[in-house]
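Here's the structure we're looking at; comments come further down.
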Amino acid sequence: MFQPVSSKVSFPELEDRNLKLWKEREVFRRTWDDAADKPLFMLYEGPPTANGTPGIHHVLARVFKDVIPRYKTMQGFRAFRKGGWDTHGLPVEIEVEKQLGITTKQEIEEYGIDKFNALCRESVMRYVKEWEELTERIGFWIDMDNAYITFDNGYIQSGWWIIKELWDRKLVYQGFKVTPHCPRCVTSLSSHEVSLGYQEDTEDPSVFVRFPMSAEQDKALDAVKSMGWSDSGWDGPTPSVLAWTTTPWTLTANLALAVAPKEEYALVASPDGAERLLLAKPRVEEVLGEGWTVQATFKGSELQGLRYEPPFVNATEHEGQPFHHRVLPADYVGMDDGTGVVHTAPAYGAEDQELGKTFNLPTVHTVDLQGHVTGDYPGTGKFVKEADVDISADLTKRGLMFRQEAILHTYPFCWRCGTPLLYYAKPSWYIRTTEYKDEMVALNGDINWHPEHIQQGRFGEWLRNNVDWAISRERYWGTPLPIWRCDTCDEDECFGDLDTLRERADAATTGALDLDGLDLHRPYIDEVTVICKCGGTMHRVPEVLDCWFDSGVMPYAQFNATSSDDPMFTGGQFPADYICEAVDQTRGWFYSLHALAVLLRNKPSYKNVICLGLILDDRGEKMSKTKGNIVEPWSVINAHGADALRWYLLTAAPPGNARRFSQDLVEESVRKFLLTLWNTYSFFVTYALLDGFEPTSADPGEPVAELDRWGISELNQLIVDVTAEMEGYNPTDAGRKIEAFVGELSTWYVRRSRRRFWKSENDGDKRSAYQTLYTCLVTLSKLLAPLTPFIAEEMYQNLVVASDPSVPDSVHLAVFPKADTARIDKELGEATQLVMKVVSMGRAARQKVQAKVRQPLAEVLVMPKTAAEGALLLPLADQVRDELNVKQVQVISDAEAAKNLAVRLNGSVVGPKYTDRLPSLQKAFGTADKEAVIKAALTGQPVTVGEFTLDAEDLDISPSSDSPFAGVLDGGYYVAIDTRMTPELKQEGLARELVHNIQNMRRTADFDIADRIVVWYQCDAALQEVLTSDAMGEYIRTETLAVRVEEGTPDADAHVETLKIEGMELTIGVKRAQG
RNA sequence: GGGCCGGUAGCUCAGUCGGUUAGAGCGCAGCUCUGAUAAAGCUGAGGUCGUAAGUUCGAAUCUUACUCGGCCCA
């Protein structure tokens, strides 16, 4: 027998109960341990950082991560779900800096790297407990007991192995990376820190500088010939390229001039002909004003290779070859400011550096890390902003300054100390991902992206514009870069494992260290020195690896793999079947996973990915700590429960879209879906208990009742749909379809079936109704299990486990439903939709004439749109009759319908159309055969009235007011009720009115549904006639479970009310019958 | 400045291949029904489908430009 289920429910309590049940029965563990023979389904958990409390956006990701493995488990897979923690990186260090009240690297080193890193280690796991609690509470099943942690030695060694693999393939190199740098703090700033310090209206110099073309040029260059160059030099004044900059100090490091390859450039001569300048044609007038004449024009691409004289001598050779300063093409050059020629100093601009890499330019520094000019330049020794003055003066003196002004613009300053930031190229370690760009792009095509547009859009775009991946950071708390450099000969060597390192370690200095027990972090690993082949001593380079590298090695490091023969590669643990993160991971984890897998295995590392949009607040703004609009997940969960939150997050919006979040919307989704489901469930259990219904596991066979056949048909269609959506990684539409089904189950199936459960005979029809509803509820519990695991478990336990010990003891160990497509009856589905349409129109018709549904009527007329629909409707006429409370349903033709309709000209259409001919049309229309006109118009045919041909739009058809039928016309359907009353109908109406009132009294008196009662009444003759008539009296007793209905004074303890029915007053008393 | 996504009722969202009258839920107003419901039903108010142009017999849907919002990059 089932446990009774109240319609009142607290979802949070229900969830606590089931959390305990899962724990006691070890359900999650058994999905793995008892499934050793099943195929693996791999989830890779993108590790969160546990140095802050989880927010609602984390819940979003965790719910979507959870849904798919739960579904796959029920489909017969062994779902691998190992948790993980991201523990390294700058945010952790900044947190500790705050704690210590320090801000610079120097202070960290003074404090002691060992102590600093110990604090980092502590800090990063500070909120692990909160994360674990929330994870468990929302029902995200992931193995947190065996989570991988990126700071573990085992994890670090996997990273080392991968660096070594890439190193051996010559894919790791040291180059320069331009970063925003604070010369006072002597440190790089993260992009987040930079964005804290932008200042508008900063005054800076704005200088236009001549770059005279070199006397020596490449003979192959057509452009220089047309400018008048030959072996003997320039014919006429030497032309100069004109370029613009706001940082004169970077001119000391100028190595190239960049032009837009697709734009047009012009060689122009000054009005007096003494000067010739080359710049972008669209910029000529704005920069030079009027009077300059165009001598020749060139595509930017034609200028590539043009040699010029740099303002300062800074490089004459590179990699053993003579170096010449040249014009080079770059897509980033714009036409909106400057001269369309961009001065390029690879050491002091990110784009400059990229261009430098493309064309193999050296990186020449003329400024030190404190921002002081070095070498032999104007202003040497001064801070760059002061040196600007000296440099400008020098250029003016040498005639290279074309124009000098000042501008106001937005410039970044250090958020800590207010010093202007410099973009500065620092040595950095790279992985040569560009070598595998084509493979990365191609293999991205094998990944199943949701939403699809990310694949060729944001992610594809990112891959196509790939630049080498900078993987090192000059910091402390991170995986140390396993590269040692010789003090003597500068040789670098990479160590991929501890054994090799141990063999090569310098016993004299390292001997005392126990490598196996060593914390592989700084500063300890830095103490290990190695003897170089040259005999010198090698020290580890100071850098640590970026935490994105940590995340990218996760597929291998979570198994502590240290070789490409590791069993994980052949055991199905790679690649992942599924990952899920928010869209901000496009350049983060999605990329780091993909890049490393392509480089290492020439394979994608995930097959399917759901890429989630951001969560915004209820006003559509991004949630952030500073705005204070963060929604705390616990308050939502405590108020509405985890299933409610899950359901809302899963179904309210497509996962890829940015979405607004508000607690009100969660509440709405509870009311709309969870409560409807619960009430249906509660209804079933309540009546099943009354009737002693026991489910059988045997297939009850084809149900007899049309309604049951419909329910089962819709249910099987639902299984087909939900399975398809889940297989397509679309839990949102799966959920929406379930919601639609539950709605119809509750408001159509159950409402229509109420009397079948309520009637006293325990016959086959009743049993069929129970069996149908039972089947629907049990199937729903399984379909819902991945989405709302708690309520699904609650229903399954009570409906299935309690009465059948042979089934799995948790819905999450059960098999996902399989559709019986033979039971899907599409025609019946359409017919039922039609019934709903007709019933809806019938109610509208009743409403029009204020005819209560409680009052039976003789007949309803239905004109369907097509004859075929009429045939579809007829077998279900009973349902229409019942819903509309009429004695008869008649399907009628257009012609018959026309009798009850009126037609007039649609003035607003006909008026403008016929203007002055309107009176004669009206005359003709007045004498026309109205029924013929209506009939034609209903079928959409044009109709001839006198000399006029009228279309449907010219006519306005409406139910006729002088017909006894009150009708409604909508979309080609006509439904009309017969408003004529007979004494019998009237009496029946009164009887129903009495039943209605007595039922209300039962409820007010708080009787149990099954209580038998005694009824007393005092009323006038008309009502008494109803109460005492054979047919109606019996009907009233049956409906109200009355053992006696008698005239007289109620017992003193009866519940008594005085009522008015149809203007007639009566007094009724009700009381529980004895025994 | 570049890339991607979105803009449909007061709110949250559907809208299939371009095709009849652009829908649902919530909210609001009125009515009805009800011994499962914290429900449900009916009616009404509420829409320039972001704007404009184009393609087409026909555009919420396709194309282009613009605009607003969001994200990423520079």
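Every chain is numbered from 1, with letters handed out A, B, ... down the list of sequences. Any value given below was found using the heavy atoms of this structure, including those in side chains, with hydrogens, waters and symmetry copies removed.
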Task: Results of ring-ring contact (aromatic ring centres under 6.0 Å, His included) for A:Trp469 - residues two or more places apart only - done: A:Tyr591

Task: Residues that A:Asp546 engages under salt bridge (charged side-chain N to carboxylate O under 4.0 Å, His left out), provided they are two or more places apart - done: A:Arg473

TODO: Let me know the distance between CZ of A:Arg752 and P of B:C33, rounded to the nearest Å.
DONE: 17 Å

- [ ] Could you check how far OH of A:Tyr648 sits from C1' of B:G25, rounded to whole Å?
- [x] 13 Å

- [ ] Quick one: list whatever passes side-chain hydrogen bond (donor to acceptor under 3.5 Å, both in side chains) with A:Thr732, sequence neighbours left out.
- [x] none

Open item on the list: Restricting to side-chain contact (heavy atoms from CB on, under 4.5 Å), what partner residues turn up for A:Asn997, sequence neighbours left out?
Closed with: A:Glu993, A:Leu1059, A:Ile1061

Task: Test side-chain hydrogen bond (donor to acceptor under 3.5 Å, both in side chains) applied to A:Arg464 - qualifying residues, sequence neighbours left out - done: A:Gln456, A:Glu461

TODO: Let me know the distance between CD of A:Glu993 and C1' of B:U34, rounded to the nearest Å.
DONE: 13 Å

Atom pairs, protein N/O to nucleotides 36-46 of chain B N/O, distance under 3.5 Å:
unit_1	atom_1	unit_2	atom_2	d
B:A36	OP2	A:Tyr687	OH	3.3
B:A36	N6	A:Ser746	O	2.8
B:A36	N1	A:Ser746	OG	3.3
B:A36	N3	A:Asn679	O	3.2
B:U37	O2'	A:Asn679	ND2	3.0
B:G41	O2'	A:Arg843	NH1	2.9
B:C42	OP1	A:Ser840	OG	3.2

Open item on the list: Using a 3.5 Å limit for the pairing distances, which stems of at least 3 consecutive Watson-Crick or G-U wobble pairs does RNA chain B take part in?
Closed with: B:1-7 with B:67-73, B:10-13 with B:23-26, B:28-32 with B:40-44, B:50-54 with B:62-66

TODO: Give every residue pair that meets the salt bridge (charged side-chain N to carboxylate O under 4.0 Å, His left out) criterion with at least one member in residues 672-681 of chain A, sequence neighbours excluded.
DONE: A:Lys672-A:Glu739

- [ ] Please identify each residue that fulfils side-chain contact (heavy atoms from CB on, under 4.5 Å) with A:Ser10, with sequence neighbours left out.
- [x] A:Pro12, A:Glu13

Between protein and nucleic acid, restricted to nucleotides 62-64 of chain B and to nitrogen or oxygen atoms under 3.5 Å apart, what atom pairs and distances do you find?
none

TODO: Return the set of residues passing side-chain hydrogen bond (donor to acceptor under 3.5 Å, both in side chains) with A:Trp244 (not counting sequence neighbours), or none when no residue passes.
DONE: A:Ser206

- [ ] Using atom CZ of A:Phe673 as one end and atom C1' of B:C26 as the other, report the distance to the nearest whole Å.
- [x] 17 Å

Task: Interatomic distance, A:Arg854 CZ vs B:C31 P [rounded to whole Å] - done: 15 Å

Taking only N/O atoms, report every protein-nucleotides 1-8 of chain B pair under 3.5 Å with atom names and distance.
unit_1	atom_1	unit_2	atom_2	d
B:G3	N2	A:Arg458	NH2	3.0
B:C4	O2'	A:His453	ND1	3.4
B:C4	O2	A:Arg458	NH2	3.3

